[in-house]
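Atoms within each ligand, like the ligands themselves, are counted from 1 in listed order.
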Amino acid sequence: MTQVTVGIVGLGAMGLGIAQVFAASGAAVRATDLSARMRDQAVAGIAASLDRRVAAGRLSEAERDATLARIAIVERPEDLASCAMVIEAIVEDLGAKAALFATLDGVLDPGAVLASNTSSLSVGALAGATAHPGRVLGLHFFNPAPAMKLVELVAHDGTDPAALALARTLTEAAGKTVIACADRPGFIVNRCARPFYGEALALLEEGRSPAEIDAAMLGAGYRMGPFALIDLVGADVNLAATRSLAGAMGGHPRYHVFDALLRQVESGNLGRKTGRGFLFPDAPGAPPADAAEIVLRIEATLANEAATLLDEGGVTEEGIDTALKLGLNFPRGAFEAARAQGLPAILARLCDLEQAAPAPLAGRYRPSDRLVALGDPARRGGRVDHR
Ligand SMILES: NC(=O)c1ccc[n+]([C@@H]2O[C@H](COP(=O)([O-])OP(=O)(O)OC[C@H]3O[C@@H](n4cnc5c(N)ncnc54)[C@H](O)[C@@H]3O)[C@@H](O)[C@H]2O)c1
């Protein structure tokens, strides 16, 4: 088999990791960055990452050297013309990515794939910047790319099946688990994760403490509680992601921006990076007596979000569950959790929450038709009003 060449544009945190992933799997990698400093430092950065694997006994020195030898740093995007697939991981800016795609579209072979690692932009909008929108798709890697197994493969309405197949084949050959999804805001993980944080914040506003909410989730097998996760990523980053999704989803109350999060960001206690967060540096205590009730409530809202996404198309139940387990380290996916709890219990909890919801949250808990249908197969396809 001839060696395939994968191109990478943007050699920051994500681009370096993605370059390492493909080179380690045997592909030839050509990579570039607007910044000469980033280009100059790139190979040393990847070497340092590989050296840590060598030190841990997970890679031989010969494998490290062979991986590095497969990486060529080039000056301009035009130097990627020979690539079968180019993945961009540049700044999260539609104008910058669209300009780059227009340039790449002009030099790549007709069969080559143009992939974006965007977390929040519309892949379809990027495709519109090219003369060959069918070759454009999203390949959303997670940070750190060498360690995280999950890649979301994002199809916009006009992505060619052949482009999706090539991107999947190359990315799976690089050892990743590829989950298909549609070009919807937040794709799978960043979308379906919202209630994990949002419902914890709702509970906080009702008087529960971060320590007891996190302890309840840890007791149910989650590796980290919602507040420990917000503290890890940063309350400001969580706020930006929530606001971005709320905007993209028309301000639906499922993506409500809770005052507790706004106040936390205003306080400057953003999490690990500032030395104090919702919970950090404290540890969660023992689970409260009603821990099961907290878990049921959070898992009910996770299931409702997942079912809403399922209804929008382009994803499967199994795909959503796998993405949540690999992308967020959840012990079970949203549908698996709902089935373990029992769908009638999940639906009943949502209906109770909806009835008790204050005005700004009206509609937040209304069970999606899809979730209702999953809970009662006899009614599948029919509309059921659970208001
Ligand atoms: N960091 C994450 O956790 C994460 C996770 C998944 C996806 N993403 C997405 O991946 C992309 C990159 O994120 P990052 O965290 O690696 O960013 P980063 O800031 O670490 O790196 C971006 C790199 O792109 C370069 N660059 C900017 N404009 C360019 C251009 N026009 N042409 C060529 N190079 C250019 C910059 O010099 C920089 O080296 C973004 O779209 C981001 O949303 C990030």
So for ligand 1, is [X] a polar contact partner (N or O within less than 3.5 Å, distance only)?
X	answer
Leu34	yes
Glu92	yes
Asn117	yes
Lys97	yes
Ala13	yes
Met14	yes

Which of the ligand 1 atoms, numbered from 1, are nearer than 4.0 Å to a heavy atom of [X]:
X	value
Gly10	24 (O)
His140	6 (C), 7 (C)
Met38	39 (O)

Would you mind checking which non-hydrogen protein atom is closest to [atom], with the distance to 0.1 Å?
atom	result
atom 28 (N) of ligand 1	Val91 CG1, 3.6 Å
atom 6 (C) of ligand 1	Phe141 O, 3.2 Å
atom 26 (N) of ligand 1	Ile90 CB, 3.8 Å
atom 7 (C) of ligand 1	Ser119 OG, 3.0 Å
atom 21 (O) of ligand 1	Gly12 CA, 3.3 Å
atom 39 (O) of ligand 1	Asp33 OD2, 2.6 Å

Salt bridge present between [X] and [Y] (N-O < 4.0 angstrom):
X	Y	value
Glu336	Lys325	yes
Glu199	Arg364	yes
Asp40	Arg37	no
Arg191	Glu152	no
Glu206	Arg297	yes

Next item on the list: Using protein heavy atoms only, decide if any is under 4.0 Å from atom 19 (O) of ligand 1.
Entry: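 Protein heavy atoms within 4.0 Å of atom 19 (O) of ligand 1 - there are none.
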
Under 4.0 Å, counting heavy atoms only: does [X] come that close to any atom of ligand 1?
X	result
Val9	yes
Glu88	no
Ala89	yes

Margin query: Quick check on salt bridge (Lys or Arg N to Asp or Glu O under 4.0 Å): which of Arg194, Arg184, Arg254 does Glu305 satisfy it with?
Written below: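 That would be Arg254; it is the only one of Arg194, Arg184, Arg254 passing the salt bridge (Lys or Arg N to Asp or Glu O under 4.0 Å) with Glu305.
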
How close do [X] and [Y] get, heavy atom to heavy atom, and via which atoms?
X	Y	value
Ala300	Arg349	CB-CB, 4.5 Å
Gly363	Pro253	C-CG, 4.0 Å
Leu204	Pro210	CD1-CD, 3.5 Å
Leu139	Asn117	O-OD1, 3.1 Å

Note to self: I'd like to check the side chain to side chain donor-acceptor pair (under 3.5 Å) partners of Ser49; sequence neighbours left out, ordered by chain and number.
What the structure shows: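 Side chain to side chain donor-acceptor pair (under 3.5 Å) check on Ser49 returns Gln20.
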
Next item on the list: Could you walk me through whether Lys273 and Asp236 pass salt bridge (charged side-chain N to carboxylate O under 4.0 Å, His left out), step by step?
Entry: CA-CA 11 Å; Lys273 61 187 171 189; Asp236 53 336; 2.9 Å; yes

